[in-house]
Amino acid sequence: MTAYPTNHDIAEVFSAIADLMEILDEDRFRVQAYRRAGDVIRHLPAPLATYRARGELEQIPGVGKAIAEKIGELLDTGELPYYNRLREKVPPGVRELLRVPGIGPRTAGRLYRELGITSLAELKVAAEAGRLAALKGFGAKTIDSILQGISAAERQERRMLLAHAIDSAEALINALRAAVPALSQAAYAGSLRRGRPTVGDLDILAAADDAPAVVRAFTMLPLVARVESAGDEKASILLHNGMQADLIAVPPGMWGSALQHFTGSKAHNIHFRELALAQGLSFSEHGFRRADGTLLTCATEEEVYAAIGLPWIPPELREDEGEFEAARAGTLPCLVELSDIRADLHLHSTWSDGRADIRTMAEAARTRGYSHIAITDHSAYMGMTHGLDAERLRAQRQEIAALNAEYAARGIPFRILHGVEVDITPEGNLALPDDVLAELDIVVASAHIQLRQSPEAATERLIRAVRNPHVDIIGHPVGRMLGSRDGAPVDIDALAYAAAEHRVLLEVNSGPHRLDLDGAAVRRALASGAVITINSDAHHPDNLAWMRFGVVTARRGWAGAAQVANTWSDEALQEWLSRR
DNA sequence: GCCGTTTTCGGCCCGACTGTTTTCAGTCG
C-alpha cells in the first residue's frame with residue numbers, strides 16, 4: 001500500500017474481507033456489513049483521513065464502531081491484523097476464483113478445500129485435466145461453463161465508459177425494436193440509467209404482451225455473440241463487442257415495477273423493499289404482494305413509489321444516500337436538465353491542441369442553442385507544446401473580438417468569452433502572470449502534472465489557485481482518468497469552502513474519461529456552498545455533445561439548475577464574476 | 001457488523017435461471 005492509503009485501497013480491504021468471510025461461510029449478515037462498508041467507502045467524496053480528523057467516521061452510513069476502528073488502523077499503519085488472519089485461513093488467490101462467472105463463494109470454498117485450488121491458473125489446469133469431475137455436483141455442463149468463465153475472467157473485462165455503454169445500449173434497443181414490432185416499450189436501466197461514470201453490463205428492459213417471444217427475439221439478434229442464459233422473462237447474452245447485456249421482458253402492466261427493480265441500485269432496492277415491508281407489502285419486479293397474497297401491479301414508476309407514499313425519485317439519486325429521507329420530507333431537489341444549459345465555459349481551439357478553429361466551435365455551440373461560450377486554450381507550460389503565452393493570447397483576443405463584432409452586426413445574440421486554461425503548478429502557482437490573466441474575460445485553472453501528491457499538498461495546491469483573484473473556474477479538480485488513474489486526494493470540503501468564499505466555480509468536466517468532479521464530490525461541494533459549472537472541455541465540435549454526461553454527473557450530485565453557472569444568462573454570469 | 005416511524009435487541013430484499021437434482025442449492029442482479 002502507498003504512503004497514503006486511498007479510499008480505494010481501504011474499500012478494497014473491506015471488499016476482500018467480505019469475500020474471504022463468505023468463502024469461509026461466516027455469518028452472511030456480517031459479510032453484508034463489510035461488503036456494504038467497502039461499497040460506501042469506494043464512493044466517498046473526501047479522503048477517509050478527513051472524516052476521521054473531524055470525528056465523522058461513524059456518520060458514514062454502514063460504518064459503525066468496529067469498522068471505524070479498522071479504518072483507523074489502516075490509515076495509521078496500512079495494515080489490518082483482522083484481515084491478515086483471514087488471509088492465513090484462505091490464500092488470497094482463492095478470491096480471484098470469484099471473478100469466474102458462475103463461481104460464487106460456496107464453489108470457490110469447495111474448490112480450495114477439496115482440491116487445493118488457490119488461483120485461476122490452477123483452476124484452469126484442474127478443469128482441463130478433468131479433476132473437477134471428482135467433485136460431487138459437478139457435471140459436464142458445469143465444468144464447461146467454468147472453462148468458458150475462466151477465459152472471460154482472463155480477458156480482464158473492464159468496466160466501460162458511460163458514453164460507450166449508452167451507444168451500445170441504444171444500438172441494442174433499436175435492433176430489438178426492429179426485430180419485435182409489437183414491442184410497446186423498451187429502455188435501458190441499471191447503472192447506465194443511474195448515470196454512473198462506468199458501467200459493467202447493459203440492462204435492457206422491454207414490455208410486450210408476449211414477453212417470452214421478446215426474450216427469444218433478443219437472443220437471436222445479429223449483435224449477439226453468445227447466449228449465457230435465457231428463460232421466459234430474462235436472458236443474458238454476450239455481444240460481439242465484448243459487452244454483456246441482460247434483458248428483462250414483462251407485460252406492459254408491469255413496466256413500472258420492472259423498471260424500478262432493474263434500475264437499482266441494489267442498495268436503493270433493498271431500502272425500498274424494507275420500507276414496503278413495513279407497510280405490509282412485499283415488493284419484487286412483478287409488483288407489490290399484499291398480505292392476503294394478491295398482487296398490485298404498476299405500469300409506471302410513479303405508481304411504484306406512490307404505493308408506499310413517496311414521490312418518484314430520479315434514477316441518478318437511487319444510491320440509498322438519503323434520497324428516501326428527502327422524498328419523505330418532500331425535499332428532493334429539482335435536478336438540472338440538459339435543456340437548462342446555456343453555455344459551455346471550457347473549450348479548446350486550434351490555437352492550442354483543439355482540432356477546430358474558434359468560429360467552428362462557436363457555430364457548434366450556437367447549433368446547440370447556447371447563448372455564450374468561453375474559448376479557453378492551454379497556457380504555455382511543461383508538456384504543452386502549443387500553449388499560449390501573453391503575446392499569442394493578445395492575438396487571440398483580436399480574433400475573438402472580431403467574431404463578437406460580427407455576431408453583433410448580424411443581430412445574433414451570442415458572445416464568445418476570451419479565456420484560458422492556465423496550469424496550476426504543483427506548488428499552487430499559475431503558469432501565467434497576474435497581469436496577463438487580468439486581461440481575460442474568464443480563467444480556468446487546472447492541474448495537469450504531478451497529481452500524485454499528499455492530501456494536504458493536493459488540497460493546498462488548488463486552494464492557492466482559488467485565492468488568485470483572476471481565477472474563475474477550477475477545471476477537472478481531482479484530475480482522475482477513468483480506467484487509468486485515480487484523482488488527486490483533494491479534500492473536497494476544504495476546496496469547496498474556499499471556492500464559495502472566493503466565488504470560484506468548481507467544474508464538472510464532461511469528458512467521458514473524466515467526469516470530474518464526480519457526483520459524490522458535487523454533492524459535497526454544493527453542501528459547502530460552492531457553485532459548479534458543467535463544461536465539455538471539447539477539443540472538437542462533436543465533443544460539445546459530451547455535455548449530457550456532465551449533466552448526468554451533476555444530477556448524481558443533487559445539483560439544481562440555479563447551482564450550475566452555465567445555466568445562467570451571460571449577464572448573470574458576468575455580474576456574479578464581477579462581484580468577486 | 002449495522003441499525004432504529006416496530007426495535008439498543010433482533011432483525012437484516014426478492015425472485016429467475018441453471019445444473020444436477022427427485023426437491024434444491026448456488027449464483028446473479
Side-chain angles (χ1 to χ4, degrees), chain A residues 14 17-18 21-23 25-38 40 57-71 82 97-111 132-133 135-146 149 189-192 199-205 211-212 215 219 227-236 244-250 254 257-258 260-289 295 308-309 320 324-325 328-329:
Chain A
F14 288 121
I17 288 173
M21 287 174 72
E22 206 169 13
I23 289 168
D25 197 21
E26 295 195 24
D27 179 77
R28 64 192 177 101
F29 298 111
R30 289 184 62 217
V31 170
Q32 188 183 69
Y34 279 105
R35 197 174 301 293
R36 172 153 191 245
V40 168
L57 278 181
E58 290 187 45
Q59 287 171 30
I60 299 169
V63 175
K65 192 161 180 290
I67 289 181
E69 275 177 18
K70 291 185 171 67
I71 292 171
Y82 178 73
L97 303 181
L98 300 179
R99 286 174 33 219
V100 177
I103 293 186
R106 317 303 297 249
T107 310
R110 288 191 59 201
L111 288 168
L132 298 190
L135 291 185
K136 186 169 163 46
F138 277 60
K141 283 189 170 178
T142 300
I143 292 170
D144 190 52
S145 103
I146 285 178
S191 52
L192 184 53
V199 174
D201 60 11
L202 307 177
D203 297 310
I204 309 293
L205 183 64
V215 177
T219 59
V227 179
E228 307 278 5
S229 72
D232 280 345
E233 58 184 59
K234 291 182 182 174
S236 181
Q244 186 182 313
D246 296 331
L247 175 81
I248 288 190
V250 294
M254 290 183 178
S257 51
Q260 199 282 340
H261 164 75
F262 222 17
T263 296
S265 66
K266 185 171 184 170
H268 177 89
N269 283 359
I270 289 174
H271 195 153
F272 180 87
R273 289 167 187 201
E274 285 170 352
L275 292 176
L277 270 185
Q279 300 184 26
L281 295 167
S282 171
F283 182 73
S284 77
E285 59 263 51
H286 302 137
F288 294 92
R289 182 78 59 184
L295 189 69
I308 63 165
D320 193 22
F324 288 109
E325 292 76 5
R328 194 183 308 126

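Residue numbers begin at 1 in each chain, while the letters A, B, ... track the order of the sequences.
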Between A/Asp144 (CG) and B/dT20 (P), how many Å, whole number? 10 Å
Please state how far atom CD in A/Gln279 lies from atom P in B/dC13, giving the value in whole angstrom units. 16 Å
For A/Glu233, give me all partners under salt bridge (Lys or Arg N to Asp or Glu O under 4.0 Å), at least two apart in sequence or on another chain. none
At under 4.0 Å between heavy atoms, which parts of nucleotides 4-10 of chain B does protein reach? Answer with one letter per nucleotide, 5' to 3': B base, S sugar-phosphate only, - none. --B----
Mind checking the C1' distance from B/dC14 to B/dC9? Whole angstroms is fine. 25 Å
Kindly point out which of B/dG15, B/dT20, B/dC2 is positioned nearest to the side chain of A/Ser284? B/dG15
Of A/Ala66 and A/Gly139, the one whose closest DNA chain B nucleotide lies more 5': A/Ala66
If I take atom CZ in residue A/Arg289 and atom P in nucleotide B/dC14, what distance separates them, rounded to the nearest angstrom? 12 Å
How close do A/Val199 and A/Ser191 get, counting heavy atoms only, and between which atoms? CG1-OG, 3.8 Å
Same-atom distance (C1') from B/dC2 to B/dT7, integer angstrom: 13 Å
If you look at every strand shown and take non-hydrogen atoms under 4.0 Å, does A/Val31 touch a base, only sugar-phosphate, or nothing? nothing
A/Asp27 atom CG is separated from B/dC2 atom P, nearest whole Å, by 13 Å
Separation of atom CZ in A/Phe138 from atom P in B/dT20, rounded to whole Å: 10 Å
Taking atom P in both B/dC12 and B/dT5, compute the distance separating them and give it to the nearest angstrom. 16 Å
Of the non-hydrogen atoms in A/Asp320 and A/Arg36, which two are nearest, and what is the gap between them? OD2-NH2, 4.0 Å
Starting at atom CG of A/Asn269, determine the distance to atom C1' of B/dG15, rounded to an integer number of angstrom. 12 Å
Sugar-phosphate, base or nothing in reach of A/Phe283, heavy atoms under 4.0 Å: sugar-phosphate
Scan for salt bridge (charged side-chain N to carboxylate O under 4.0 Å, His left out) pairs involving residues 266-287 of chain A, sequence neighbours excluded, and state none if there are none. A/Lys234-A/Glu285
B/dC13 phosphate, OP1 or OP2, under 4.0 Å from A/His268 side-chain N/O: no
Restricting to non-hydrogen atoms, name the atom on A/Ala133 and the atom on A/Ile143 that form the minimum distance, rounded to 0.1 Å. N-CD1, 3.6 Å
Could you walk me through whether A/Ile308 and A/Phe272 pass the side-chain contact (heavy atoms from CB on, under 4.5 Å) check? CA-CA 9 Å; A/Ile308 63 165; A/Phe272 180 87; 3.4 Å; yes
Contact class for A/His271 vs. all strands (heavy atom < 4.0 Å): base, sugar-phosphate, or nothing? nothing
Between A/Ala235 and A/Thr219, which heavy-atom pair has the shortest distance, and what is it? CB-CG2, 3.9 Å
In chain order, what residues pass the side-chain contact (heavy atoms from CB on, under 4.5 Å) check against A/Thr263, with sequence neighbours excluded? A/Ala189, A/Arg193, A/Arg194, A/Leu259, A/Glu301, A/Pro315, A/Arg318
Taking protein heavy atoms under 4.0 Å as touching, what does nucleotides 23-29 of chain B look like 5' to 3' if B marks base contact, S marks sugar-phosphate-only contact and - marks none? ---SSSB
Expressed as a whole number of Å, how far does the C1' atom of B/dT21 sit from that of B/dG26? 13 Å
Please give, in whole Å, the distance from B/dG1 P to A/Ile60 CD1? 17 Å
Tell me every residue that passes side chain to side chain donor-acceptor pair (under 3.5 Å) with A/Asp201, counting only those two or more places apart in sequence or in another chain. none
Please confirm whether the ring centroid of A/His268 lies under 6.0 Å from the ring centroid of A/Phe324. yes
Taking the side chain of A/Ser229 as its heavy atoms from C-beta onward, which of B/dT20, B/dC17, B/dG15 lies nearest to it? B/dC17
Whether A/Arg110 side chain and A/Lys136 backbone form a donor-acceptor pair below 3.5 Å: yes
Can you check the A/Tyr34 OH to B/dC2 P distance for me, whole Å? 7 Å
Please give the nucleotide sitting opposite B/dC14 as a Watson-Crick or G-U wobble pair, both distances under 3.5 Å, or none. B/dG29
Closest to the 5' end of DNA chain B, once A/Ile143 and A/Pro61 are matched to their nearest nucleotides, is A/Pro61
Same-atom distance (P) from B/dC28 to B/dT20, integer angstrom: 16 Å
C1'-based separation of B/dG11 from B/dT6 [nearest Å]: 11 Å
With heavy atoms under 4.0 Å as the rule, sort A/Ser145 into base, sugar-phosphate or nothing. nothing
Under 4.0 angstrom, heavy atoms only, what part of the nucleic acid is A/Ala140 near: base, sugar-phosphate, or nothing? sugar-phosphate
